[in-house]
Amino acid sequence: MKIGYLFLLLALSELASPLAARAQRRPPLPPANAPRQTARTELLLSQSDSEVHAQALSADSTVVLLVGRDRPLSNKSTFTFQQYDHNLHLRQELPLEVPDEFNFTRMCAEGSTVYALFSSHSNPGRLLVAAYNGPLGQVRTQPFDTRLSREVVELKALDGRLFATVLLTDQRHVTALLLDVATGQMQYLSSIYEPLPTQLTFVADATSRRAEYVLSQTNGRKSRLLLKRLTDRGQLLSSEYVQAESERSLIMAQLTPPKDTTARLLMGTYSLRDPDYAQGLFATDLRPVAGTGTKAP
């Protein structure tokens, strides 16, 4: 019995020694280029009755928060815009009046202006845009009655106007909607009107004052891409197909911004068989080859 007890103690000590050695080791030092948390702030919010949406502004290295809180003993919510500097110190806070029928949908920015889009839960075709301008300390709202839109799936700002990709109430088409926040005018872009399951991605650039859409089209067996360039007012400038020379199907892609003059890259996914499933990545340069007028491979 004593021999067995001694053997058990020796076995336990051998198991514990490597554990103790590992516990005494110091954690490795982080690499020199590791990210650091140089600023921190905390919001006194509750997950059950609050919502927060953030939008970074590259123009002045600030961040704008749209904060929504439920009112006590009510189904209504209150919203505020909060702007923080690069050290996450609160710079400004402005209230936003949002009618009860609207829910937050999307947010984007251009320059120092942040746009928040709300959609009506009682009337899906009704939208409300809130524009926050930090330097001016102003918040303005603009309602839109689109009638035919059912859901906004993407939103970008260009020259004070909003380009919104929307699904229509017929549940069979996707199109683009141009919202002029300053005047309250709106228009559907006839050059962007595609049957589902077409997917759209686009970039907007204030320098060139144009928007570029990439549309994916498929016949069920093979898919291709369609590139459309529009002005900041929605007029069509050009339209061209992008299709692989092999049997590959180009499923979806995105463009680099127009202001990038070093390259005009179109990057996305492709498939060899079923266009519903990606099997690889592709990239192509859309710049014309000097002296030929054709695109670089």
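From a predicted model like this one, the values you see are computed outputs, not experimental measurements. Along the sequence shown, residues are numbered consecutively beginning with 1.
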Query raised in the report: Given the rule in the side chain to side chain contact (heavy atoms under 4.5 Å, CB included) test, do T175 and L148 qualify, once you have shown the distances and angles that lead to the verdict?
Result: CA-CA 10 Å; T175 186; L148 299 178; over 6 Å; no
Query raised in the report: How far does CD of Q171 sit from CG of L196, to the nearest 0.5 angstrom?
Result: 9.0 Å
Query - Under the side chain to side chain contact (heavy atoms under 4.5 Å, CB included) test, residues paired with T269 that sit two or more places apart - result: I251, M252, A278, L281
Requested in this report: Might you confirm whether atom CG of L43 has over 12 heavy atoms from other residues, nucleotides or ligands at distances under 6.0 Å?
Outcome: yes
Report summary line: Sequence neighbours excluded, the answer for side chain to side chain contact (heavy atoms under 4.5 Å, CB included) partners of P35 is none
Report summary line: For residues 136-154, the salt bridge (Lys or Arg N to Asp or Glu O under 4.0 Å) pairs (sequence neighbours left out) are E154-K156
Query raised in the report: Does the T201 side chain pair with the main chain of A253, one donor and one acceptor, at a distance under 3.5 Å?
Result: yes
Query - Residues forming a salt bridge (Lys or Arg N to Asp or Glu O under 4.0 Å) with R106, sequence neighbours excluded - result: none
Query raised in the report: Looking at side-chain heavy atoms only, is the closest gap between L155 and T105 below 4.5 Å?
Result: no
Report task. Determine whether more than 12 heavy atoms belonging to other residues, nucleotides or ligands lie under 6.0 Å from atom NE2 of H86. Result -> no
Report summary line: Residue set satisfying ring pair (Phe, Tyr, Trp, His ring centres under 6.0 Å) with H53, at least two apart, ordered chain then number -> F104
**Report entry** Sidechain-backbone polar pair: D170 side chain, R172 backbone, donor-acceptor under 3.5 Å
**Finding:** yes
Query raised in the report: What about F118 and F79, are their ring centers closer than 6.0 Å?
Result: yes
Query raised in the report: Applying the 4.5 Å side-chain criterion to the ILVMFWY set and letting contacts propagate, would F144 and F102 be lumped into a single cluster?
Result: no
Query raised in the report: Quick one: salt bridge (Lys or Arg N to Asp or Glu O under 4.0 Å) partners of R91, sequence neighbours excluded?
Result: D60
Query raised in the report: So, the side chain of Q55 versus the backbone of V114: is there a donor-acceptor pair under 3.5 Å, distance only?
Result: no
Requested in this report: Could I get the full list of salt bridge (Lys or Arg N to Asp or Glu O under 4.0 Å) partners for D180, not counting sequence neighbours?
Outcome: R161
Query raised in the report: Have D70 and S77 got a donor and an acceptor in their side chains that come within less than 3.5 Å?
Result: yes
Query - Spacing of CG belonging to L162 relative to OH belonging to Y115, to within rounding of 0.5 Å - result: 6.0 Å
Requested in this report: For P195, check side chain to side chain contact (heavy atoms under 4.5 Å, CB included) against everything at least two apart and list the hits.
Outcome: H173, T198
Query - Qualifying residues under ring pair (Phe, Tyr, Trp, His ring centres under 6.0 Å), relative to F163, sequence neighbours excluded - result: none
Report task. Using the test salt bridge (Lys or Arg N to Asp or Glu O under 4.0 Å), find all partners of E97 that sit at least two apart in sequence or belong to another chain. Result -> none
Query - Check: T146 main-chain N/O paired with Y188 side-chain donor or acceptor under 3.5 Å - result: yes
Query raised in the report: Hey, are the side chains of L236 and L189 touching, using non-hydrogen atoms and a 4.5 Å cut-off?
Result: no
Requested in this report: For the residue pair L250 and R224, establish whether any side-chain heavy-atom pair is separated by less than 4.5 Å.
Outcome: no
Query raised in the report: Which residue pairs pass the salt bridge (Lys or Arg N to Asp or Glu O under 4.0 Å) test when at least one of the two sits in residues 109-130, sequence neighbours left out?
Result: E101-R126
Query raised in the report: Quick one: CG on L94 to CD on Q138, what's the gap to the nearest 0.5 Å?
Result: 9.5 Å
**Report entry** same_hphob_cluster(V174, L179) at 4.5 Å side-chain heavy-atom cutoff
**Finding:** no
Report task. With sequence neighbours excluded, give me every ring pair (Phe, Tyr, Trp, His ring centres under 6.0 Å) pair touching residues 195-222. Result -> F202-Y213
Query raised in the report: Do V203 and Q254 pass the side chain to side chain contact (heavy atoms under 4.5 Å, CB included) test, and can you show the C-alpha distance, the side-chain angles, and the key distance before you say yes or no?
Result: CA-CA 8 Å; V203 296; Q254 291 186 345; over 6 Å; no
**Report entry** Any donor-acceptor N/O pair, Y84 side chain to L65 backbone, under 3.5 Å
**Finding:** no
Query raised in the report: Quick one: does T141's side chain get under 4.5 Å of L96's, heavy atoms only?
Result: yes
